[in-house]
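Working notes for the structure below.
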Amino acid sequence: MPELPEVEVIKEGLKRKLRSRVIRRVKISFNGSLKNLSPQAFRRKVTGRRIEDISRRGKFLIFSLDDGSFLVIHLKMTGQLIYHQGKEKMERHTRIVFHLDERFQLRFIDMRKFGAIYLVRDLGEIPAFLNLGPEPLERKFSAHCLGRILKGRSRKIKSLLIDQNLIAGLGNIYAMEALYRARISPERGAEGLSSLEVKKLHSAIRDILRKAILAKGTSTDTYRNSEGRRGRFQYKLAVYQREGMPCCRCRGRISRVKISGRNTYFCPECQK
Ligand SMILES: [Zn+2]
C-alpha cells in the first residue's frame, strides 16, 4: 500500500507533467472508484477543468481545479496513477482514464478496486480528511509533538503510529522500519516510552520517510511512480518480510507478530 513517501513521489511527478493541463474527457470503467458522485455528475463537473496544482496530505493526492473544486484521490491498496504521452496499450485493471489536452492521459489503475476518488468543493466533505493528524515531515512536527501524541495512550506503539488520525501518512512498512531503527519493540505500550526513546523514534520516522522519498519509494508490491517505474527503497528495508532471517545489527532473528491484524516484523534481540 502506498504510504507517505510513495504518494509524495507520485505527486511530484504529476505536478511537473499535469499543471495547467485541461481535462477534456473522462472514461470511467469502474463506477465504484467514485465515492461521492454518480459517474454522470463526475464526468460533467470535471470535464473542461484546468489542473492548477497538485498537493499531498497524508496519503491523499489533491488536484486543485480552476473552478475552486478539488479532485482527491486515495490509492489505498493497489491504486496507481500513470501518466502517458501517447497511445500506449491500456494497462489491465485500468478503472478511469482522464483524457487531457494534446492527447495526454492520466490513467487510474487499481487491481483490488479499493482506491477512492472524490470531487468536492470543500476538502472537509471527505470524512477521513477532517481528522487527519499532523504531517510528520513538517517543521512543527517536533519530538515534543510526538511525545504529546503518545502520552497517556496504552495501545501498542506500532498500531498507534499507523493511526492516520494521530500521524498522517505513516503506514505499516515505515512504522515498523522506524521502530527497528529506534530499537523499540512494536509491542510496547506507547505511554511506556521514555523521552529519549520518543526522541529516537521521532528522528527515525523523519529520517526513514526522507530517505524513502529520495529512493523514489518502496516497490514491494504494485507501487509504481507516475511514469510507471519502481522505487528502490525496498532494498533498504531492515525488517519488513524478513522473518527468520538474521538481523543486520545483532545476531537475532527477525520475528513476525500480528498487531491490529497486520503483519509486523521486528528483532526481539535489539528492539526492547
Ligand atoms: Zn537485532
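All ligand and atom numbering here is 1-based and tracks the order in the structure. Note that the coordinates shown come from a computational prediction; the quantities given were computed from them, not determined experimentally.
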Legend entry - Among K17, R21, R24, side chain to side chain contact (heavy atoms under 4.5 Å, CB included) partner for F104: R21
Legend entry - side-chain hydrogen bond (donor to acceptor under 3.5 Å, both in side chains) partners of N36, counting only residues at least two apart: none
Legend entry - Set of side-chain hydrogen bond (donor to acceptor under 3.5 Å, both in side chains) partners for E243, sequence neighbours left out: R256
Inset, instruction - Report the C-alpha separation of H202 and F141 in whole Å, then their side-chain angles, then the decisive distance to 0.1 Å, and conclude whether the ring pair (Phe, Tyr, Trp, His ring centres under 6.0 Å) test is met. - result: CA-CA 9 Å; H202 172 260; F141 183 77; 5.5 Å; yes
Legend entry - Sub-2.8 Å protein N, O or S atoms surrounding the Zn ion (ligand 1): C247 SG, C250 SG, C267 SG, C270 SG
Legend entry - Electrostatic pair K11-E8, nearest N-O below 4.0 angstrom: yes
Inset, instruction - Apply side-chain hydrogen bond (donor to acceptor under 3.5 Å, both in side chains) to K216 and list each qualifying residue two or more places apart in sequence or on a separate chain. - result: none
